[in-house]
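Residues take their numbers from the sequence shown, with the count starting at 1.
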Amino acid sequence: MTTYPQSLAKPKQIRSALSFYRVMAITAGIALVILIVEMIMKYLLKQTNVLTEYWSPIHGLIYMGYAASVANLGIKCAWGAKRIVLNLLAGFVPVVPWIAERRNHAEVEAMLQRAYVAGGASSVATERGGNGPR
């Protein structure tokens with residue numbers, strides 16, 4: 001018998017969602033910095049080039065991927081709506097996606113470690129493809 005909460009996804013699913021979230025948070029943060037540079041070039045310096053023409057829609061697509069990764073991780077970790085919304089809003093402020101990613105990564109890893117301790121060796125064997133209880 002495991003004490004792993006039933007409202008959470010399996011550890012392997014959470015780790016997969018966490019990996020996708022980490023990549024998207026870092027990418028979204030970089031895209032946001034580039035967007036700021038693009039806006040300065042476009043509106044302050046009155047420049048027109050490939051970056052000023054095409055970066056805004058590209059950034060929008062990257063943010064949509066970030067939003068999907070936040071929702072995916074939030075649902076799998078049973079986060080509340082407030083936490084999911086705050087993480088979505090983090091994508092609007094430069095550097096904050098990186099800070100939120102570090103904090104979320106640490107908290108999710110700690111949660112998974114507690115689940116391993118609570119579940120004993122059988123939950124670790126199950127995640128690694130062993131013959132533990134299902």
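Between Ala78 and Leu8, the shortest heavy-atom distance links the atoms CB-CD2, 3.6 Å. For the residue pair Leu51 and Asn49, the shortest heavy atom distance occurs at N-OD1, 3.0 Å. Closest heavy-atom contact between Pro97 and Gly91: CG-CA, 3.9 Å. Residues Val70 and Trp79 approach most closely at O-CZ3, 4.4 Å, considering heavy atoms. When all heavy atoms of Ile14 and Ala9 are compared, the pair lying nearest together is CD1-O, 3.4 Å.
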Please tabulate, for side-chain N and O atoms in residues 21-37, each donor-acceptor pair with protein atoms closer than 3.5 Å (sequence neighbours left out).
{"unit_1": "Tyr21", "atom_1": "OH", "unit_2": "Asn104", "atom_2": "ND2", "d": "2.9"}
{"unit_1": "Arg22", "atom_1": "NE", "unit_2": "Glu101", "atom_2": "OE2", "d": "2.6"}
{"unit_1": "Arg22", "atom_1": "NH1", "unit_2": "His105", "atom_2": "NE2", "d": "3.3"}
{"unit_1": "Arg22", "atom_1": "NH2", "unit_2": "Glu101", "atom_2": "OE2", "d": "3.4"}
{"unit_1": "Thr27", "atom_1": "OG1", "unit_2": "Val23", "atom_2": "O", "d": "2.7"}

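Applying side-chain contact (heavy atoms from CB on, under 4.5 Å) to Trp55 and the options Met41, Met39, Glu38, Lys42 leaves one that passes, Glu38. Among Ile84, Val108, Leu112, the single residue meeting the side-chain contact (heavy atoms from CB on, under 4.5 Å) criterion with Cys77 is Val108.
Taking 4.0 Å as the cut-off between side-chain N and carboxylate O, Arg102 and Glu107 do not count as a salt-bridged pair.
Not a single donor-acceptor pair under 3.5 Å links the side chain of Ser16 to the backbone N or O of Lys12.
Considering only heavy atoms from C-beta on, Lys76 stays 4.5 Å or farther from Leu18 through its side chain. Taking 4.5 Å as the limit, every side-chain heavy atom of Arg15 sits out of range of all side-chain heavy atoms of Lys10.
Note on Tyr66 and Val85: same hydrophobic cluster, where clusters join Ile, Leu, Val, Met, Phe, Trp and Tyr whose side-chain heavy atoms are under 4.5 Å apart, directly or indirectly.
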Determine, stepwise, if the pair Leu73 / Phe20 fulfils side-chain contact (heavy atoms from CB on, under 4.5 Å). CA-CA 9 Å; Leu73 181 62; Phe20 179 55; over 6 Å; no
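The NE2 atom of His59 sits 7.0 Å away from the CD1 atom of Ile62 when rounded to the nearest 0.5 Å.
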